[in-house]
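Notes for the one structure printed next.
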There are 2 protein chains.
Amino acid sequence: MVTAAVRVYDELRSGILDSTFEAGSRLSEDRLARLLGCSRTPVREALRRLSAEGLVELLPNRGAQVVSWSSDDLEDVFRMRALLEGHGAALAAETMDTDEVARLHEIADGMAQLSSDGSQSDRDELATLDVEFHRAVLVGSKSRRLLEAHARVVQVPLHQRVMRSYSPAQLQQRMVHHQELVRAIQLGDADWAASVMRAHILSALNILLEGG
Amino acid sequence: MVTAAVRVYDELRSGILDSTFEAGSRLSEDRLARLLGCSRTPVREALRRLSAEGLVELLPNRGAQVVSWSSDDLEDVFRMRALLEGHGAALAAETMDTDEVARLHEIADGMAQLSSDGSQSDRDELATLDVEFHRAVLVGSKSRRLLEAHARVVQVPLHQRVMRSYSPAQLQQRMVHHQELVRAIQLGDADWAASVMRAHILSALNILLEGG
DNA sequence: AGGCCGGGCATTGTATACAACGCTGGGGTG
DNA sequence: CACCCCAGCGTTGTATACAATGCCCGGCCT
């Protein structure tokens with residue numbers, strides 16, 4: 001059975017990530033409880049968990065608030081991603097098995113097909129697949145703590161927006177990165193995989209900072 | 001005012017880190033509530049927080065359990081430390097100001113003095129200072145997320161034990177690492193600082209795996 | 001008029017009662 | 001004797017009531 005606390009957590013989390021709950025807005029336990037049809041207890045638990053993950057801020061005796069992201073924060077996040085995922089790619093190149101690489105290839109190919117068209121729904125689908133791709137690499141690294149650290153850092157409710165912001169040329173370029181990364185992992189070239197991953201992520205940061 | 005939930009969290013956390021609550025032992029909400037003189041509500045909150053930080057494991061409908069550490073876990077933790085703190089040292093070398101470096105020097109010198117003697121209480125004091133030293137470097141990196149990621153990874157209730165396990169020669173060697181690291185940061189040599197930090201941490205892992 | 005004080009209000013913090021779930025052990029059955 | 005089933009029990013999960021805290025606003029004093 002899925003507990004009410006988990007349900008509330010999921011609702012709040014996806015609500016924050018897709019900006020249903022806007023950055024900076026206050027979240028009252030009582031209001032959320034009535035909104036979601038349960039008592040304050042599970043809501044409290046969910047808010048505490050989201051706070052531990054850095055998605056909301058808990059002001060003592062004042063309640064919870066959805067965190068806002070400055071451009072400094074964005075830079076911090078992307079540099080952390082480059083560090084963690086670069087390392088993850090190197091480990092993945094050393095330890096990923098054939099099935100996992102095949103899955104990676106599959107995702108990358110699916111993305112390449114979608115990226116030829118430019119519709120907005122395709123872009124959103126791409127954002128989902130992109131998250132899945134990067135996650136698959138980290139899973140392949142076989143480091144539980146790396147995966148956890150990454151999950152905590154990458155809480156930016158901006159995946160869709162970022163993916164929509166790429167020009168067609170930039171999007172194509174990013175697909176090439178993915179293919180290159182898969183090749184590096186397949187060949188077991190850890191250094192190359194790490195370099196490609198770092199460049200891939202830092203280029204996203206550059207596009208973000210210049211475009212925004 | 002400090003809430004009961006925070007008090008319980010602090011008690012449990014320090015109890016776990018100094019092994020008052022042994023690895024693998026079960027923590028019943030009701031028992032803890034009576035032990036600490038409050039209701040289950042703050043206990044629940046504290047346990048959830050500790051779970052998010054990776055110090056306890058929450059078995060659904062079965063309660064909480066203090067996490068145990070396999071040698072694979074230890075290796076994972078130290079490799080993550082090498083990654084995060086190596087990066088932190090590089091950033092620190094670039095951005096740390098004079099006061100912060102002076103503070104680092106101060107801690108390193110204090111540790112060097114303590115390390116000449118071999119008494120157990122000195123070793124415990126050294127463990128505390130060591131934590132402070134490594135934390136000061138990360139604070140100097142000015143990356144909030146790096147600091148947070150590190151705090152979550154480094155939850156090993158073994159600091160004292162590790163520090164006691166060093167031979168006098170190994171301890172001296174580690175003091176040299178610290179001095180070398182301070183120098184690298186002072187000179188602003190990011191690559192050198194990162195290398196020294198990584199080697200420093202990975203050598204600790206080696207000593208642990210060989211000695212244990 | 002400006003600042004300080006105090007009470008009301010919204011909100012979180014805590015306690016407690018009860019429901020739901022899962023394990024465990026004892027008795028029955030093949 | 002081995003296996004299964006079910007009832008009892010301990011535990012967590014949830015709801016609700018009440019206490020405590022901090023903010024806000026109106027009135028009073030200077």
Side-chain angles (χ1 to χ4, degrees), chain A residues 1-16 19-68 148 151 155, chain B residues 1-17 19-68 148 152 155 157:
Chain A
M1 171 219 178
V2 56
T3 65
V6 170
R7 216 194 71 230
V8 172
Y9 168 81
D10 288 340
E11 299 248 10
L12 286 178
R13 184 183 148 79
S14 64
I16 292 171
S19 296
T20 305
F21 297 102
E22 287 175 25
S25 62
R26 295 281 276 282
L27 302 173
S28 146
E29 295 176 0
D30 193 51
R31 202 166 52 83
L32 290 175
R34 271 173 299 166
L35 184 67
L36 300 173
C38 65
S39 79
R40 275 177 54 213
T41 313
V43 172
R44 281 179 70 79
E45 179 170 333
L47 285 176
R48 289 336 211 273
R49 205 170 141 196
L50 290 166
S51 157
E53 291 175 3
L55 276 178
V56 309
E57 205 171 358
L58 243 47
L59 314 171
N61 279 312
R62 296 279 317 281
Q65 188 170 2
V66 181
V67 296
S68 313
E148 282 174 8
Q155 297 287 2
Chain B
M1 171 219 176
V2 56
T3 65
V6 170
R7 216 193 70 232
V8 172
Y9 168 81
D10 288 340
E11 300 248 10
L12 285 178
R13 182 171 200 281
S14 63
I16 292 172
L17 291 183
S19 295
T20 304
F21 298 101
E22 287 175 25
S25 63
R26 298 283 264 281
L27 302 173
S28 147
E29 295 176 0
D30 192 51
R31 203 165 52 82
L32 290 175
R34 271 174 298 166
L35 184 68
L36 299 173
C38 67
S39 78
R40 277 176 53 213
T41 313
V43 172
R44 279 178 72 80
E45 179 170 334
L47 284 176
R48 288 334 210 281
R49 205 171 141 194
L50 290 166
S51 157
E53 291 175 1
L55 277 177
V56 307
E57 204 172 359
L58 245 45
L59 314 170
N61 278 311
R62 297 281 317 279
Q65 186 171 2
V66 181
V67 296
S68 313
E148 282 174 7
R152 295 236 174 65
Q155 296 286 0

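Reminder, nothing fancy here: chain letters follow the sequence lines and each chain counts from 1.
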Identified side chain to side chain contact (heavy atoms under 4.5 Å, CB included) partner of Leu55(B) from the options Leu17(B), Leu47(B), Val66(B): Leu17(B)
Nearest-Å distance for atom pair [atom1]/[atom2], residues [X] and [N]:
X	N	atom1	atom2	value
Leu58(A)	dT21(D)	CG	P	18 Å
Leu59(A)	dG13(C)	CG	P	10 Å
Arg31(B)	dC9(D)	CZ	P	21 Å
Arg7(B)	dG13(C)	CZ	P	15 Å
Asp30(B)	dC18(C)	CG	P	16 Å
Glu29(B)	dT14(C)	CD	P	15 Å
Glu45(B)	dT12(D)	CD	C1'	17 Å
Arg34(A)	dA15(D)	CZ	C1'	15 Å

First encountered from the 5' end of DNA chain D, between Ser39(A) and Arg62(B): Arg62(B)
Residue mapping more 5' on DNA chain D - nearest nucleotide basis, Leu47(B) or Cys38(A): Leu47(B)
Leu27(A)/Leu50(A) under side-chain contact (heavy atoms from CB on, under 4.5 Å): CA gap, chis, key distance, verdict: CA-CA 12 Å; Leu27(A) 302 173; Leu50(A) 290 166; 6.0 Å; no
Side chain to side chain, Arg44(B) and Glu45(A), heavy atoms closer than 4.5 Å: yes
Determine the contact category for [X]: base if any of its heavy atoms lies under 4.0 Å from a base atom, sugar-phosphate if only primed atoms, P, OP1 or OP2 are that close, otherwise nothing.
X	value
Thr41(B)	base
Leu27(A)	sugar-phosphate
Arg48(B)	sugar-phosphate

Nearest listed nucleotide, side chain of Arg44(B), among dA15(C), dG13(C), dG13(D): dG13(D)
side-chain contact (heavy atoms from CB on, under 4.5 Å) between Arg48(A) and Leu58(A), intermediate numbers included: CA-CA 8 Å; Arg48(A) 289 336 211 273; Leu58(A) 243 47; 3.1 Å; yes
Under 3.5 Å donor-acceptor pair, Arg40(B) side-chain atoms to dG13(D) base atoms: yes
Exercise: identify the closest heavy-atom pair between Ala46(A) and Ala5(A): CB-O, 4.0 Å
